[in-house]
Amino acid sequence: MSGASLFARYAFPPNELGYCGPDGAEVLLEHSGPEGDEIEVARRARKFDGAWPYLEIIAAASGITDPLDERVVEAYWIGNDLLDAVDPVACAEELRSRFHGQVTSKLGEAEAALPHHSYHVFGVYPWVGMLGRGNDAVALSVLERCRIRWGTVRALDGERVTVSSQPLALLDGALGLGELREESVRWSVGGRSSVSGLTEGDTVSLHWDWVCDTVEAGQVAALQRWSKIALRPSQPIAASTRA
């Protein structure tokens with residue numbers, strides 16, 4: 001799969017909801033497969049104000065010229081060893097510049113910054129700062145759905161599937177993962193999907209209410225590792241309201 005197609009798989013859900021990127025989310029869904037139009041996805045990807053800066057940071061730190069290189073895209077959405085090459089302080093400085101003047105959250109000290117989507121959710125996205133203000137359920141719901149999470153397919157029902165996964169929870173006043181629970185999510189819209197041949201027992205990645213991809217054990221481990229790192233308590237930096 002090309003990096004452009006991989007980007008389309010994970011960017012489609014928030015784009016469809018109108019949270020980020022240009023109009024016409026159905027184009028991303030159409031081009032999320034192996035035969036997708038890389039040029040069209042690349043044109044659209046540059047308009048994702050939240051995601052694109054991170055891709056550029058990863059590519060620059062890794063000596064990769066194309067921010068939509070498959071390794072770069074995987075590093076941002078899931079995580080891989082390219083993230084180890086990024087200097088956290090330099091990353092924080094770049095993010096402050098990119099997101100200058102926007103809403104702040106409670107996380108994000110320079111030493112903890114990393115160009116991973118979970119960091120954007122927990123360290124830059126403003127909803128963490130709303131916890132403890134009487135609307136924890138709403139804030140937790142947004143954070144849960146915005147993060148890239150993983151789970152196991154338990155049942156298929158038309159264009160929806162039941163997935164078992166660990167939700168975000170407040171544990172002793174800190175964000176962590178709770179007990180396994182089942183949720184119903186979409187894997188297809190009008191017969192179009194980002195994955196094919198989905199079956200019970202498959203491990204999948206989820207963004208908002210959408211199955212983005214099937215994932216291997218190593219990718220799950222990467223998601224677990226980088227999500228845990230992003231959840232470390234820290235201090236605020238400038239934040240984007242884009243997902």
So how far is it from N15 CG to K47 NZ, rounded to the nearest 0.5 Å? 11.0 Å
So if you build clusters from Ile, Leu, Val, Met, Phe, Trp, Tyr with side-chain heavy-atom gaps below 4.5 Å, do L223 and L83 land together? yes
Going through the distances and angles, do E74 and R71 end up as a salt bridge (charged side-chain N to carboxylate O under 4.0 Å, His left out)? CA-CA 5 Å; E74 182 189 55; R71 296 165 296 170; over 6 Å; no
Considering only NZ, NE, NH1 and NH2 on the basic side and carboxylate oxygens on the acidic side, decide whether R186 and E16 come within less than 4.0 Å. yes
Does one side chain, of S165 or E183, offer a donor that lies under 3.5 Å from an acceptor on the other? yes
Just checking, any donor-acceptor pair under 3.5 angstrom between side chains of H117 and Y76? yes
Verify whether one side chain among R9 and S32 offers a donor that lies under 3.5 Å from an acceptor in the other. no
Given R154 and E200, is the salt bridge (charged side-chain N to carboxylate O under 4.0 Å, His left out) satisfied, shown in steps? CA-CA 5 Å; R154 298 302 185 193; E200 291 183 23; over 6 Å; no
Between E93 and R96 (salt bridge meaning N to carboxylate O under 4.0 Å), is one present in this structure? no
Apply the test side chain to side chain contact (heavy atoms under 4.5 Å, CB included) to residues R98 and Y54: give CA-CA distance (whole Å), side-chain angles for both, the deciding distance (0.1 Å), then the verdict. CA-CA 10 Å; R98 297 296 186 104; Y54 293 96; over 6 Å; no
Lys/Arg N to Asp/Glu carboxylate O, E38 vs R44, below 4.0 Å: no
W52 side, atom CH2; C20 side, atom SG - distance, nearest 0.5 Å: 14.0 Å
Joint hydrophobic cluster, L177 plus W208, side-chain heavy atoms closer than 4.5 Å: yes
Find the distance between CG (L143) and CE (M130) and round it off to the nearest 0.5 Å. 9.5 Å
Please determine whether side chain to side chain contact (heavy atoms under 4.5 Å, CB included) holds for the pair F99 and D49, giving the CA-CA distance in whole Å, both sets of side-chain angles, and the decisive distance to 0.1 Å. CA-CA 9 Å; F99 302 138; D49 298 339; 5.7 Å; no
In this structure, CH2 of W187 is separated from CD of E159 (nearest 0.5 Å) by 8.0 Å
For the residue pair T203 and V220, establish whether any side-chain heavy-atom pair is separated by less than 4.5 Å. yes
For the CG atom of L175 and the CG atom of L170, what is their distance to the nearest 0.5 Å? 5.5 Å
When H207 is tested against each of F7, W77, F12 for ring-ring contact (aromatic ring centres under 6.0 Å, His included), which residue passes? W77
Rounded distance (nearest 0.5 Å) linking atom CD of Q219 with atom CD1 of I78: 4.5 Å
